[in-house]
Each structure stands twice: as structure tokens, then as C-alpha cells.
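Okay, structure first, notes after.
As the structure is a computational prediction, the values presented were derived from the model and not from experiment. Proteins get letters first, then strands, A, B, ... in listed order; numbering begins at 1 in each.
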Protein chains: 2
Amino acid sequence: MCEANAYMKDGSREELIMEAVDSVEPEDGGFRLVNIFGEQKFVRGAIHSLSLVDHKVYFTRETGS
Amino acid sequence: MCEANAYMKDGSREELIMEAVDSVEPEDGGFRLVNIFGEQKFVRGAIHSLSLVDHKVYFTRETGS
């Protein structure tokens, strides 16, 4: 399985938002995360970067770069 | 390995940009993709959505949602 952990980037800090994320879909001003257990979470912001082999998805509060 | 294929979404069409993408890092007005073979590609736009269990990363030409 190739799920990833989602983190919020805040300067040099990384805060874990959700583990084992499967899908990330855009929703008003942010994204809806769904993990492999069917749990959902809304994240305000944008997708900052990905490191897929490390199973990491980074979000940022800043929208529009 | 948990790399993914990157696609550009254009309405209902999906155009393959790059296979076996590992890292996606923000760069002026878009993102730099690097795949597991070390190949690089610049994509103008934003990350639209993710479907990680399906190994798919979707981009959109529209920046700032």
C-alpha cells in the first residue's frame, strides 16, 4: 500500500495532520483528506510538496504561490 | 516503492506528465518533479489532487484556488 503521512509545514516545523492518507481532493479553500481507514479530515491551505518514496505529503497554510 | 504517475488535468482529460515520480518541490509558478530514475521535469501550475493508493498525482494549470 502506498498511502502517505500528511504534514503541515510551518517554517522549519512539520506537524503531523493525518497518517495513512490515500486520497486528497480539493474543497473550498483547502483539501479533504481520506485515509485508508476511511477517516476524513479537512485541511485549509495548499499542497506544498511531495516526497512519495518517503511516504510524505506536505501542506502549507499559504494558498496561491 | 511508492512512487506515482503525474498527470495534468484538463477538464475531463488527463495527460501523463511523468512516470515513477518521487519528489515534487515548489518552484516559481509551478513544481519540479523528480522521478526514481533521477529525471527531472518542471510543471507549471498547482497540485490538484492525490490518489496515492492508485499511484496518481494530478496537476492543474490553475494556480491559487
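No chain of hydrophobic side-chain contacts below 4.5 Å, direct or via other Ile, Leu, Val, Met, Phe, Trp or Tyr residues, connects Y7(B) to V53(B). Under the 4.5 Å side-chain heavy-atom criterion for grouping Ile, Leu, Val, Met, Phe, Trp and Tyr, M18(A) is connected to V57(B) within one hydrophobic cluster.
Neither the backbone nor the side chain of V34(A) comes within contact range of chain B; no heavy atom of the residue lies under 4.5 Å from a heavy atom of that chain. For H48(A), the parts lying under 4.5 angstrom from a heavy atom of chain B are both the backbone and the side chain. For a residue to count as touching a neighbouring chain, one of its non-hydrogen atoms must lie under 4.5 Å from one of that chain's; by this rule L33(A) does not touch chain B.
Proximity of L50(A) to L50(B): side-chain heavy atoms (C-beta onward) are separated by under 4.5 Å at one or more points.
With rounding to the nearest 0.5 Å, the separation of OH in Y58(B) from CD1 in I47(A) is 13.0 Å.
Taking both residues in full, the closest heavy atoms of V21(B) and L52(A) are given as O-CD1, 3.5 Å, listed atom of the first, atom of the second, then distance.
Contacts with chain B were tallied for S49(A), S51(A), A4(A), C2(A); C2(A) has the most, counting heavy-atom pairs under 4.5 Å.
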